[in-house]
*Asks:* 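I am attaching a structure below and will ask some questions about it afterwards.
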Amino acid sequence: MKSNFRMGGDVMRNRAFIRNYHIMLMPGIALLFVFSVIPMFGIVIAFQDFQPTLGIFRSEWVGWENFEYMFALPDSRVVFVNTIIIASLKIVFGMAVPFTFALLLHEVINMKFKRIVQTIVYLPHFMSWVILSGIMINLLSLDGVVNQAVHLFGGEPIMFLQSNSWFRGVLVASDVWKEFGFNTIIYVAALTSINTNLYEAAAIDGASRFQRLLYITIPSLLPTVILLATLSLGNVLNAGFEQILNLYNPIVYQTGDIIDTYVYRAGLQEIQYGLATAVGLLKSIVSFLLIAVSYVLAARFANYRIF
Amino acid sequence: MIRGTNRYADLTIYLILSVIAFLSIAPIINTLAISFSGKIPAMSGQVYFWPVDFNLSAYESILRDRSFFLSFGVSVQRVLLGGAINFIITVLMAYPLSRSAKMFPGRNIYMWFIIFCMLFSGGLIPWYMTISSLGLLNTIWALVLPTAVPIFNVILLMNFFRGIPKELEEAASMDGAGPWRMLLVIFVPISLPALATVTLFSIVGHWNAFFDGMILINHKEHWPLQTYIQQLIISVSSIMNTTDPEEIRRLTNMSSQLLNSAKVMVSMIPILLIYPFLQKYFVSGIVLGAVKE
């Protein structure tokens with residue numbers, strides 16, 4: 001009898017807890033609903049000849065016309081190709097450089113030196129692309145330090161940001177500059193978990209330093225590398241909007257214009273809402289599918305869960 | 001750890017790392033040196049890593065630049081308001097979501113909802129139109145409400161909350177603590193490092209954001225600082241768009257490398273001030289975010 005009463009009390013108590021959990025979630029869910037879900041309904045614009053003065057409810061429905069127009073535009077092909085090339089280059093270098101850097105850092109015994117190096121290389125990650133672009137525009141200008149160095153070695157000055165042969169390289173290099181230090185963290189964390197006994201045993205067996213790197217350090221990083229590579233699949237259409245918006249100009253649209261910058265110009269500057277929404281929608285759907293696939297793969301093969 | 005006896009290999013590694021570290025901040029040092037240099041050396045590319053013809057004229061002219069300070073103020077306001085909103089929402093969402101589905105039926109539905117919101121978006125145009133139709137354009141709320149729910153931070157803190165020993169909760173539960181007291185008296189105080197991490201993330205995010213200010217705020221005096229710098233320094237077209245001859249004259253006179261460098265340096269100051277704290281907490285934050293189960 002007494003225990004029944006207590007159980008009844010627990011149920012009541014649990015209900016009160018659960019009700020409060022819902023209340024706690026309410027503000028966040030409401031904000032997400034307004035600023036994420038409602039815009040999702042706005043994608044119907046992709047199927048309209050949208051006129052801002054008429055609004056969503058009175059604009060004319062045109063079916064797939066915006067999509068047909070998009071595929072007919074020569075610009076869109078360039079934009080999709082640029083996006084994939086730039087994003088892929090960034091993924092490859094964005095993984096290879098931090099990996100190599102972490103291996104080098106792992107060989108350092110002097111903790112103070114290690115700490116100073118880490119402190120310095122993390123810094124650019126916390127600067128905005130506005131700031132870094134401001135710095136780069138100075139640096140890469142005709143009178144900038146980089147061109148002074150080029151001059152010193154007898155080269156002709158290069159207009160890096162106005163040259164279609166240099167622009168992608170500048171994008172990838174500056175993205176690596178901003179993020180490689182920060183991306184090293186995950187490898188450093190994996191490296192610290194290596195059992196030091198392994199190194200000692202290998203040393204006793206006469207393994208050289210290079211052999212220890214090859215047979216202990218690198219294999220122990222492989223799971224992390226595979227996981228990061230899988231997750232990066234979701235970024236194949238993210239070529240870096242904020243960076244490119246700050247660095248590009250009409251001369252380099254041919255090699256540097258990407259989906260996001262194109263949507264921004266077509267939509268908010270040229271007011272072609274229907275077209276811009278259609279391009280954005282295509283990107284959202286493909287990205288969503290890629291991310292979903294990468295999460296499933298990561299969960300299956302690396303036992304990785306984000307929640 | 002046993003190391004090789006090869007001193008040359010060690011030396012090479014130290015040297016390579018030093019060079020990379022130097023190259024990482026060389027552009028920033030160069031900008032700093034330019035900002036303290038004289039106008040002519042700054043514009044003719046004579047400055048490398050030490051000021052030439054040292055003077056403070058660039059910083060003096062920033063001191064007289066009213067719109068720079070207005071924008072700086074908008075950014076500070078945005079960080080305080082936006083950071084506070086982010087903090088409250090993050091704590092309130094992370095706690096219920098850290099309960100198991102057994103303790104909180106419906107938890108997984110909420111979880112799938114926020115994951116979906118994180119991964120899928122309606123795109124730029126519908127997002128802009130939503131904010132515009134709510135009448136938020138040209139207000140500070142346009143900068144802090146659409147970014148009010150930092151989903152990544154929520155997940156990070158949720159994972160941290162999950163690691164808190166059950167015994168603590170049970171003890172508090174015995175004392176009759178309700179969910180709110182549990183959150184405020186047990187979970188929040190014990191999670192200070194994780195809270196510091198997510199707060200720093202949201203401060204940096206708000207300080208560095210420029211794009212929303214650029215499209216949602218039309219009036220120059222309400223731009224946050226990053227938008228101000230983006231528009232007046234980087235986007236040359238904004239100079240062309242101005243029809244006011246006085247404005248054009250002022251811009252062409254002032255928009256020198258020297259002055260730009262000084263503005264860039266000043267806008268970095270807040271990040272540099274919190275950088276030691278960032279250093280301390282973000283490594284743990286990243287490792288937290290990559291929790292494996």
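Order of the sequence lines fixes the chain letters, A, B, ..., with proteins taken first and strands second; residue numbering starts at 1 for each chain.
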*Asks:* With a 4.5 Å heavy-atom cut-off, do B/D10 and A/R209 have their side chains touching?
*Replies:*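 Sidechains of A/R209 and B/D10: in contact.
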
*Asks:* Select, from B/S173, B/P96, B/S18, B/A21, the one with the greatest count of heavy-atom pairs under 4.5 Å involving chain A.
*Replies:*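 Of the options given, most contacts go to B/P96.
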
*Asks:* Got A/L268 and B/I125 here, is their nearest side-chain heavy-atom distance under 4.5 Å?
*Replies:*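 In contact.
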
*Asks:* Between the side chains of B/S261 and A/N138, is a donor N or O closer than 3.5 angstrom to an acceptor N or O?
*Replies:*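 Distance-only check passes for B/S261 and A/N138.
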
*Asks:* Does B/I109 CD1 have over 12 foreign heavy atoms under 6.0 Å away?
*Replies:*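 No, not enclosed.
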
*Asks:* Could you tell me which portion of B/L136 (side chain, backbone, both or neither) has an atom closer than 4.5 angstrom to a non-hydrogen atom of chain A?
*Replies:*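 Only the side chain of B/L136 comes within 4.5 Å of chain A.
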
*Asks:* Quick one: CD1 on B/I203 to CZ on A/F126, what's the gap to the nearest 0.5 Å?
*Replies:*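 Interatomic distance, B/I203 CD1 to A/F126 CZ, rounded to 0.5 Å: 12.0 Å.
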
*Asks:* Could you walk me through whether A/F35 and B/V149 pass the side-chain contact (heavy atoms from CB on, under 4.5 Å) check?
*Replies:* CA-CA 10 Å; A/F35 294 105; B/V149 189; over 6 Å; no

*Asks:* For B/Y95, is it the side chain, the backbone, both, or neither that has a heavy atom closer than 4.5 Å to a heavy atom of chain A?
*Replies:*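 For B/Y95, the contact with chain A is made by the side chain alone.
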
*Asks:* What residue in B/L272, B/T90, B/T130 has the most heavy-atom pairs under 4.5 Å with chain A?
*Replies:*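 That would be B/T130.
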
*Asks:* Counting only non-hydrogen atoms closer than 4.5 Å, does B/M93 touch chain A with its backbone (N, CA, C, O), its side chain (CB onward), both, or neither?
*Replies:*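 Contact with chain A involves both backbone and side-chain atoms of B/M93.
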
*Asks:* Is B/L119 in contact with chain A via its backbone, its side chain, both, or neither, using a 4.5 Å heavy-atom distance?
*Replies:*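 For B/L119, backbone and side chain are both near chain A.
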
*Asks:* Is atom CZ of B/F49 surrounded by more than 12 heavy atoms (other residues, nucleotides or ligands) closer than 6.0 Å?
*Replies:*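 It does: B/F49 CZ has more than 12 such atoms within range.
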
*Asks:* Answer yes or no: are there more than 12 heavy-atom neighbours, outside A/W177 itself, under 6.0 Å from its atom CH2?
*Replies:*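 More than 12 within 6.0 Å, yes.
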
*Asks:* Taking every heavy-atom pair that is under 4.5 Å apart, which of B/L145, B/I151, B/I215 has the most such pairs with chain A?
*Replies:*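 Of the candidates given, the most pairs with chain A belong to B/L145.
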
*Asks:* If we only count heavy atoms from C-beta on, is the A/I23 to B/W180 side-chain gap below 4.5 Å?
*Replies:*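 Sidechains of B/W180 and A/I23: in contact.
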
*Asks:* Side chain, backbone, both or neither: which part of B/I85 has an atom under 4.5 Å from a heavy atom of chain A?
*Replies:*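 Contact with chain A involves no heavy atom of B/I85 at all.
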
*Asks:* Going by heavy atoms in the side chains, are B/M129 and A/Y273 under 4.5 Å from each other?
*Replies:*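 Yes, their side chains come closer than 4.5 Å.
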
*Asks:* So for B/V264, is it side chain, backbone, both, or neither that comes closer than 4.5 Å to the heavy atoms of chain A?
*Replies:*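 For B/V264, heavy atoms of backbone and side chain both lie under 4.5 Å from chain A.
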
*Asks:* Can you find a pair of side-chain heavy atoms, one from B/F120 and one from A/I285, that are under 4.5 Å apart?
*Replies:*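 A side-chain contact under 4.5 Å exists here.
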
*Asks:* Is it the side chain or the backbone of B/M265 that comes within 4.5 Å of chain A heavy atoms, both, or neither?
*Replies:*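 No part of it gets close to chain A.
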
*Asks:* B/R99 and A/F17: side-chain contact (heavy atoms from CB on, under 4.5 Å), yes or no, with the steps?
*Replies:* CA-CA 11 Å; B/R99 313 291 79 196; A/F17 266 75; over 6 Å; no

*Asks:* Quick check on B/A177 against chain A: is it the side chain, the backbone, both or neither that has a heavy atom closer than 4.5 Å?
*Replies:*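 B/A177 touches chain A through backbone heavy atoms alone.
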
*Asks:* Under a 4.5 Å heavy-atom cut-off, does chain A meet the side chain of B/I89, its backbone, both or neither?
*Replies:*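 Just its side chain gets close to chain A.
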
*Asks:* B/I88 versus chain A, heavy atoms under 4.5 Å apart: side chain, backbone, both or neither?
*Replies:*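 Contact with chain A: none, neither part.
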
*Asks:* B/Y128 versus chain A, heavy atoms under 4.5 Å apart: side chain, backbone, both or neither?
*Replies:*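 B/Y128 touches chain A through side-chain heavy atoms alone.
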
*Asks:* For chain A, which of B/P105, B/G122, B/C117, B/P146 has the most heavy-atom pairs under 4.5 Å?
*Replies:*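 Option with the top pair count is B/P146.
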
*Asks:* Are the side chains of A/L25 and B/L97 in touch, meaning some heavy atoms are under 4.5 Å apart?
*Replies:*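 A/L25 vs B/L97: side chains touch.
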
*Asks:* Using non-hydrogen atoms only, which part of B/V47 is less than 4.5 Å away from chain A: side chain, backbone, both, or neither?
*Replies:*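 It is the backbone, since no side chain atom gets that close.
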
*Asks:* Is there side-chain contact between B/M214 and A/V130, with heavy atoms separated by less than 4.5 Å?
*Replies:*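 Side chain of B/M214 against side chain of A/V130, heavy atoms only: no contact under 4.5 Å found.
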
*Asks:* For this output row, return yes or no: ring centroids of A/F288 and B/F116 closer than 6.0 angstrom.
*Replies:*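 Yes - the distance between ring centres of A/F288 and B/F116 falls below the 6.0 Å cut-off.
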
*Asks:* Picking from B/S121, B/G123, B/P179, which has the most non-hydrogen pairs under 4.5 angstrom with chain A?
*Replies:*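 Looking at each option in turn, the highest pair count goes to B/P179.
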
*Asks:* What I'd like to find out is whether the side chain of B/L17 reaches to under 4.5 Å of the side chain of A/F113, using heavy atoms alone.
*Replies:*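 Counting from C-beta outward, B/L17 and A/F113 do come under 4.5 Å.
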
*Asks:* Could you check which of B/F211, B/F113, B/W127 has the highest count of heavy-atom pairs closer than 4.5 Å to chain A?
*Replies:*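 Ranked by contacts with chain A, first place is B/F211.
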
*Asks:* For B/W207, is it the side chain, the backbone, both, or neither that has a heavy atom closer than 4.5 Å to a heavy atom of chain A?
*Replies:*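 Neither part, no heavy atoms under 4.5 Å.
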
*Asks:* What distance do A/I29 atom CD1 and B/L92 atom CG have between them, rounded to the nearest 0.5 Å?
*Replies:*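 A/I29 CD1 to B/L92 CG: 11.5 Å, rounded to 0.5 Å.
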
*Asks:* Nearest 0.5 angstrom please: A/L245 CG to B/Q230 CD, how far?
*Replies:*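 Rounded to the nearest 0.5 Å, the CG-CD separation comes out at 5.5 Å.
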
*Asks:* Show the numbers, then the answer: is there a side-chain contact (heavy atoms from CB on, under 4.5 Å) between B/M182 and A/N20?
*Replies:* CA-CA 12 Å; B/M182 191 86 91; A/N20 279 298; over 6 Å; no

*Asks:* How long is the gap from CG on B/L124 to OH on A/Y264, to the nearest 0.5 Å?
*Replies:*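 Answer rounded to 0.5 Å: 9.0 Å.
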
*Asks:* Measure the CE-CG distance between B/M103 and A/N14 for me, rounded to the nearest 0.5 Å.
*Replies:*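 Result: 7.5 Å between the selected atoms.
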
*Asks:* OG of B/S267 to CD1 of A/I131: how many Å apart, nearest 0.5 Å?
*Replies:*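 The CD1 atom of A/I131 is 2.5 Å from OG of B/S267, to the nearest 0.5 Å.
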
